[in-house]
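Have a look at the structure below, then the notes.
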Protein chains: 2
Amino acid sequence: MQQTIIDTLKRNQLSITDSRKKILELFAKANGALAHFDIEHQSGAEFDRVTIYRTLQTFVEKGIIHTIPSADNSIRYALCKEDCAGGHHHDDHVHFMCDSCGTTYCLDHVNVPQLDLPKGFRAVQTDVVVSGVCSKCAGA
Amino acid sequence: MQQTIIDTLKRNQLSITDSRKKILELFAKANGALAHFDIEHQSGAEFDRVTIYRTLQTFVEKGIIHTIPSADNSIRYALCKEDCAGGHHHDDHVHFMCDSCGTTYCLDHVNVPQLDLPKGFRAVQTDVVVSGVCSKCAGA
DNA sequence: AACTATTTTGCAACATTGTTGCATTGTATT
DNA sequence: AATACAATGCAACAATGTTGCAAAATAGTT
């Protein structure tokens with residue numbers, strides 16, 4: 001995994017630093033999306049808050065991660081698929097936020113249908129955020 | 001319009017206060033959604049920040065306004081349709097955020113298609129946020 | 001392996017956004 | 001008009017995000 005992480009950084013012309021490796025590792029391990037808060041805690045005060053902010057910004061710009069809209073004022077981030085690069089995201093996929101456990105899933109296999117927008121509106125990106133109960137919580 | 005606003009407050013068993021009237025008026029005049037920031041500025045330092053926060057909270061609880069997910073850490077609010085009440089929102093409609101002018105539209109007439117979620121996932125609410133260029137900016 | 005240019009980090013300070021407790025004020029009801 | 005209740009404003013605080021700059025780490029070159 002370490003190698004994959006280093007490859008990802010190199011592919012995006014980013015220098016290999018401890019914080020970037022660690023944060024990418026957290027994303028790889030996470031089964032869902034992460035907020036700044038999660039990263040700050042899961043990395044165990046290893047890095048400065050500012051470093052985390054800047055690292056996340058850099059990753060978004062490079063198209064390594066993408067932001068997920070939410071209605072609760074905490075931006076969540078998740079790994080992008082391969083075809084995002086240089087800030088041009090193609091993540092028209094569905095996100096699911098579980099009201100019970102709080103996990104945010106990227107449902108890559110659910111495709112976002114074409115929408116009939118009113119005359120004159122041109123869509124660049126479509127985000128779908130579904131909230132409800134996830135399979136893990138429903139089974140329990 | 002004043003009468004409509006007062007009716008709305010009465011219908012929701014809220015006492016008629018200056019701040020509630022003013023904030024509802026701002027929503028009625030706005031052609032899109034408003035963030036706390038917008039309200040604070042458009043009301044011209046007339047009310048305390050805390051009052052605005054609490055008023056927005058109250059309105060959301062009563063189903064007068066609803067929140068719109070966004071990826072930029074500023075919750076936006078918009079007026080609900082008639083059938084939202086008591087915190088039970090039925091706003092499965094499409095929101096459009098213009099990258100050019102920043103306006104957030106509620107596209108009430110664009111219906112949200114049914115999604116095929118993976119086994120075990122139960123959807124309670126679906127939010128669709130489209131970003132791009134609105135008709136006003138495209139025409140200019 | 002050492003040197004150097006460049007990038008990244010950590011710190012400090014600050015700005016913005018959101019929350020809570022409590023005394024004061026305003027609203028609704030009798 | 002008097003009372004009970006709810007809402008507001010203030011202060012203080014907590015959380016989140018940003019900026020400038022010196023110190024440290026990285027990458028490329030010799």
Side-chain angles (χ1 to χ4, degrees), chain A residues 2-3 5-26 33-62 64-65 67-77 102 104, chain B residues 2-3 5-26 33-62 64-77 86 102 104:
Chain A
Q2 275 295 328
Q3 197 49 50
I5 285 172
I6 289 175
D7 283 349
T8 302
L9 290 175
K10 280 191 178 158
R11 200 179 331 119
N12 289 282
Q13 290 130 29
L14 292 173
S15 40
I16 318 293
T17 69
D18 288 347
S19 59
R20 287 176 181 164
K21 277 191 288 184
K22 179 71 179 181
I23 291 177
L24 265 189
E25 197 182 313
L26 287 177
L34 297 175
H36 173 97
F37 180 90
D38 304 318
I39 295 167
E40 194 172 342
H41 286 73
Q42 288 180 31
S43 64
E46 198 175 341
F47 310 110
D48 197 79
R49 270 167 7 93
V50 178
T51 300
I52 298 175
Y53 279 115
R54 290 199 266 229
T55 303
L56 290 173
Q57 246 173 252
T58 304
F59 285 178
V60 169
E61 280 163 19
K62 292 292 186 176
I64 300 172
I65 58 177
T67 57
I68 301 174
S70 78
D72 73 342
N73 247 22
S74 75
I75 305 181
R76 259 163 269 264
Y77 302 86
T104 300
Chain B
Q2 274 295 328
Q3 197 49 49
I5 286 172
I6 290 173
D7 282 350
T8 302
L9 290 174
K10 280 190 178 158
R11 201 178 331 118
N12 288 281
Q13 290 131 29
L14 293 172
S15 40
I16 318 292
T17 69
D18 289 347
S19 59
R20 287 176 180 164
K21 278 190 289 185
K22 180 71 180 181
I23 291 177
L24 265 189
E25 197 181 314
L26 287 178
L34 297 174
H36 174 96
F37 179 91
D38 303 319
I39 295 167
E40 193 171 342
H41 285 73
Q42 289 180 30
S43 64
E46 197 174 342
F47 311 109
D48 196 80
R49 271 168 5 94
V50 178
T51 301
I52 298 175
Y53 279 114
R54 291 199 264 229
T55 303
L56 290 173
Q57 246 173 251
T58 305
F59 284 178
V60 169
E61 280 164 19
K62 292 292 186 176
I64 300 172
I65 59 178
H66 63 276
T67 57
I68 301 173
S70 78
D72 73 341
N73 246 23
S74 75
I75 304 181
R76 260 163 269 263
Y77 302 86
T104 301

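In what follows, every heavy atom counts, from backbone to side chain, and hydrogens, waters and symmetry copies are set aside. Convention: sequence-line order gives letters A, B, ...; per-chain numbering from 1.
The NZ atom of Lys21(A) sits 12 Å away from the P atom of dT9(C) (whole-angstrom rounding). Nucleotide dT16(D) holds its C1' atom 14 Å from the CD1 atom of Ile39(A), rounded to whole Å. Between Asp72(B) atom CG and dT16(D) atom C1' the separation is 14 Å, expressed in whole Å. Rounded to an integer number of Å, the gap from Gln13(B) CD to dC5(D) C1' is 15 Å. For the pair Leu56(A) CG and dT9(C) C1', the interatomic distance rounds to 15 Å; values are reported in whole Å. Note: CG (Asp38(B)) to P (dT16(C)) measures 15 Å, nearest angstrom. Atom CG in Leu9(B) sits about 14 Å away from atom C1' in dA28(C), given to the nearest Å. Between the C1' atom of dT16(C) and the CD atom of Glu40(B) lies a distance of 10 Å, rounded to the nearest Å.
At its two ends the helix from dA1(C)-dT30(D) to dT30(C)-dA1(D) runs along axes set 30° apart, each axis drawn from five pairs and the angle rounded to 10°.
Here the side chains of Ile64(A) and Leu14(A) are in contact, with some heavy-atom distance below 4.5 Å. Side-chain contact between Phe47(A) and Ile39(A): absent, with no pair of heavy atoms (C-beta onward) separated by less than 4.5 Å.
With sequence neighbours excluded, the residues satisfying side chain to side chain donor-acceptor pair (under 3.5 Å) with Ser15(B) are Arg20(B). Under the side chain to side chain donor-acceptor pair (under 3.5 Å) criterion, Glu25(A) pairs with Gln2(A), not counting sequence neighbours. Listed by chain and number, the residues in a side chain to side chain contact (heavy atoms under 4.5 Å, CB included) with Ile75(B) are Asn73(A), Thr67(B), Tyr77(B) (sequence neighbours excluded). When the salt bridge (charged side-chain N to carboxylate O under 4.0 Å, His left out) test is applied to Arg76(A), the partners found at least two apart in sequence or on another chain are Asp72(A). Every residue meeting the side chain to side chain donor-acceptor pair (under 3.5 Å) condition with Gln3(A), not counting sequence neighbours, appears here in chain and number order: Asp7(A).
In terms of heavy-atom proximity, Thr8(A) sits nearest to Asn12(A) at O-ND2, 2.8 Å.
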>> Strictly under 4.0 angstrom, non-hydrogen atoms only: write out the protein contact profile of nucleotides 17-30 of chain D, one letter per nucleotide from the 5' end, B, S or -.
In response: BBBB-----SS---
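For residues 34-55 of chain B, the pairs satisfying side-chain hydrogen bond (donor to acceptor under 3.5 Å, both in side chains) are His36(B)-Glu40(B), with sequence neighbours left out.
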